[in-house]
Amino acid sequence: MERRNFMQTLAAGLAAGAAGAAPAGAAASAALASAPSAGGERAYLVALAQKMAEPVLANMARGTLQKHFPLELSPTWDGRDQRVSYLECFGRLMAGIAPWLALPDDASGEGRTRQRLRAWAQQSYANAVDPASPDYLLWQGPGQALVDSAYFTNALMRAPQALWEPLDAATKRRIVAHIKGLRRIEPPYINWMLFAAMNEAWLLSVGEEHDPMRMNVAIRKINEWYVGDGWIKDGEAFHFDYYNAFVMHPMLVEVLEVLARTNAPFWNGKPAELHAQALKRMQRYGEHLERFIGPDGTFPPIGRSLTYRTAAFQPLALLAWRRQLPASLPPGQVRAALNAVHRAVWSAPGNFTQDGYLTIGFVGHQPELGDWYSNNGSMYIASAGLLALGLPESDPYWTAPAQDWTQKKAFAGHRFAKDYPVNY
C-alpha cells in the first residue's frame, strides 16, 4: 500500500512537473521578488527552497537532469571529469532541504509543495544509483565523489523517515554498496576526513557494517586542529574562511551524535562527552557568525568557496533547527538576522539562470569568483542556510517577535552584549 501510494504521488507530481514545474518556479520567483511583510520570513525561505529544488528534482526524478542541467565551470577549472557536477548538485541540495521535506504532510500550499518535492527526491535517490538511469551519478570517478557522497548521506541522516525508509530494497542495497565503495578514496588530512566519517556514521545509523577507524581518526584530528574560541583549522594551516560552517562544525557534531546515540566504541573516548563539547564549540562559532551580519544583512566576503553564498550560516541554521541556539542568541534575533542575509544575497539578479539553475557567484552571477574546483552544481550547498525550515510554522523560532541582531543594535547606538573568548 505504501509503495503504491508513493508511486501514485510520484506519477502525479511528474505529470504536473512536466507541464507545471515552470509555473511553480515562476510562483516561487514572484514570492522572492515580493516586498517583505510582517511574519513573511518563512514564506520567503519556502519560496527560495522551492526555486532551488524544483528544476533539479523535477528533472532528476525523470532521469533528465544530466540532459537539461547546463554546466557552468569556473574559469580556473582543473580539468577533472565534469560529471562530478551532478552529484554535487543533488547531494548538496538534499542536505539543505531534507529537514523541510521531513515535515508532516498537510493541505497547505507549502505542504503540497513538500509532498511533490519529497516524491521527486525519493525517485531521484533511486535514479542516482541505478546504472540503467540516464541520471546515474559518477560514483567511480575522481576523489570529489567522496566529498559529495557525504552530503548525499547527510541528507538521509537528517531525514531518515522521509528519504531513506520509503526507498525500495534494491535502491537501499545500491546506495549502501556505492557508499562503501568510496572507501577506495583516501581522504587527505584536511576537512575531507569528515566526509569519510559522515558516510561511516550514516552506515552505522542505518544498521550497516561500518568502519569505525574512518570516524575515530577524523574526530581526533579535528579536535587536534581546534585553535580555540570556536575556531578549527583545516589541517595544519589556519584559513580565515567559512569552512568551519561548510564542513567542520556541522559534520563533526552530527557524526558524534550518531556515535553517542548508538553507544558505538570510540577507543577509550566517550562520544557523549565529545558531542557535548563539539556542540558548545559550534554554538560559540555561531555567536561569531551572528556578529558578522551587518545591519543590512551583508557579511564579510572572505576566503575560499565564497560562491557557496548562504551556506556560510549553516551552523546557525542547524542550531535553530535542532532548537540548540545558545541563550545569547534568541530565536527571534537569529531569524531576523538570517532573513536579512538571505534577502541581501538572493534579491540580486543573476543568482539563477533563466531555466532556474544556480549560477557561480556570491551575490548574482560572478563566475570569476569560482575556485579551481567550482561548478554550478557546487553552488547548491547554499541550501544549507535553509535548515531552519525543518521547524514547523508554529515553532517559536517562527512565531517569536523579531529582534535586532548585534550589528544592527551596535550601529544604531543601542545596547548590545560585549564579546569575550571561551576556553572550551
Side-chain angles (χ1 to χ4, degrees), residues 2-3 6-7 9-10 53 56-57 59-66 83-99 101-102 117-185 187 192 194-212 214-215 251 254-255 257-258 261-262 264 377 380-381 383:
E2 291 181 0
R3 177 67 178 168
F6 162 69
M7 293 305 295
T9 300
L10 174 64
V56 174
L57 298 183
N59 275 288
M60 192 160 178
R62 293 196 296 269
T64 57
L65 180 66
Q66 297 188 35
R83 292 174 294 169
V84 300
S85 307
Y86 307 116
L87 177 55
E88 292 186 56
C89 173
F90 177 67
R92 296 178 183 212
L93 170 69
M94 291 307 305
I97 67 171
L101 297 185
L117 293 175
R118 187 191 311 124
W120 288 347
Q122 291 164 355
Q123 183 59 45
S124 296
Y125 267 104
N127 289 343
V129 292
D130 181 359
S133 170
D135 277 341
Y136 179 61
L137 297 178
L138 189 64
W139 299 103
Q140 304 302 323
Q144 184 67 33
L146 175 63
V147 175
D148 294 289
S149 67
Y151 293 103
F152 184 100
T153 56
N154 193 197
L156 296 174
M157 185 185 292
R158 287 172 171 174
Q161 294 180 329
L163 298 177
W164 171 250
E165 294 176 13
L167 298 179
D168 62 83
T171 295
K172 289 180 177 179
R173 286 194 301 270
R174 287 169 174 164
I175 290 176
V176 168
H178 281 77
I179 296 303
K180 289 182 178 179
L182 290 168
R183 290 172 181 164
R184 65 184 171 79
I185 298 171
W192 279 43
L194 281 167
F195 302 135
M198 175 58 69
N199 282 343
E200 300 302 326
W202 173 73
L203 289 167
L204 173 61
S205 75
V206 297
E208 286 288 334
E209 174 270 335
H210 68 286
D211 180 356
R214 290 171 80 86
M215 287 188 286
M251 289 202 174
E254 291 181 89
V255 167
E257 280 177 346
V258 174
R261 185 174 68 247
T262 59
Y380 282 85
I381 194 177
S383 67

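Values below: all heavy atoms of this structure, side chains included; hydrogens, waters and symmetry mates excluded.
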Which atom names give the shortest non-hydrogen contact between [X] and [Y], and what distance separates them?
| X | Y | answer |
| --- | --- | --- |
| Leu163 | Leu167 | O-CG, 3.2 Å |
| Ala150 | Met251 | CB-CE, 4.0 Å |
| Ala197 | Met215 | O-CG, 3.5 Å |
| Val258 | Ala201 | CG1-O, 3.4 Å |
| Lys172 | Trp164 | CE-O, 3.1 Å |
| Ala98 | Ala155 | CB-O, 3.6 Å |

[X] side, atom [atom1]; [Y] side, atom [atom2] - distance, nearest 0.5 Å:
| X | Y | atom1 | atom2 | value |
| --- | --- | --- | --- | --- |
| Ile97 | Tyr380 | CD1 | OH | 11.0 Å |
| Gln122 | Leu117 | CD | CG | 11.0 Å |
| Glu88 | Ser149 | CD | OG | 11.5 Å |
| Met60 | Trp120 | CE | CH2 | 14.0 Å |
| Tyr86 | Leu138 | OH | CG | 10.5 Å |
| Arg261 | Ser205 | CZ | OG | 6.5 Å |

Identified side chain to side chain contact (heavy atoms under 4.5 Å, CB included) counterpart of Thr153 within the set Arg158, Met198, Met94: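 Result for side chain to side chain contact (heavy atoms under 4.5 Å, CB included) with Thr153: Met198.
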Test side chain to side chain contact (heavy atoms under 4.5 Å, CB included) applied to Asn199 and Val255, Asn154, Leu146, the passing residue: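 Answer to the side chain to side chain contact (heavy atoms under 4.5 Å, CB included) test with Asn199 among Val255, Asn154, Leu146: Leu146.
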Non-hydrogen side-chain atoms of Val176 and Leu203 separated by less than 4.5 Å: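 Yes, side chains in contact.
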Evaluation steps, side-chain contact (heavy atoms from CB on, under 4.5 Å), between Trp139 and Leu87: CA-CA 8 Å; Trp139 299 103; Leu87 177 55; 4.1 Å; yes
Ignoring hydrogens and angles, tell me if any N or O in the side chain of [X] forms a donor-acceptor pair with the backbone of [Y] under 3.5 Å.
| X | Y | answer |
| --- | --- | --- |
| Arg118 | Leu101 | yes |
| Asp135 | Leu65 | yes |
| Gln66 | Tyr136 | yes |
| Tyr125 | Phe152 | yes |
| Asn127 | Ala61 | yes |
| Glu200 | Asp211 | yes |
| Ser383 | Arg92 | yes |

Parallel, tilted or perpendicular, as decided by the 30° and 60° cut-offs, for the rings of Tyr151 and Phe195: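 Geometry flag for Tyr151 against Phe195: tilted rings.
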Working for side-chain contact (heavy atoms from CB on, under 4.5 Å), residues Met157 and Glu257: CA-CA 11 Å; Met157 185 185 292; Glu257 280 177 346; 6.0 Å; no
Glu209 CD: over 12 foreign heavy atoms closer than 6.0 Å: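 Atom CD in Glu209 is packed in, count exceeds 12.
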Verdict with supporting geometry, Arg83 and Gln144, side-chain contact (heavy atoms from CB on, under 4.5 Å): CA-CA 10 Å; Arg83 292 174 294 169; Gln144 184 67 33; over 6 Å; no
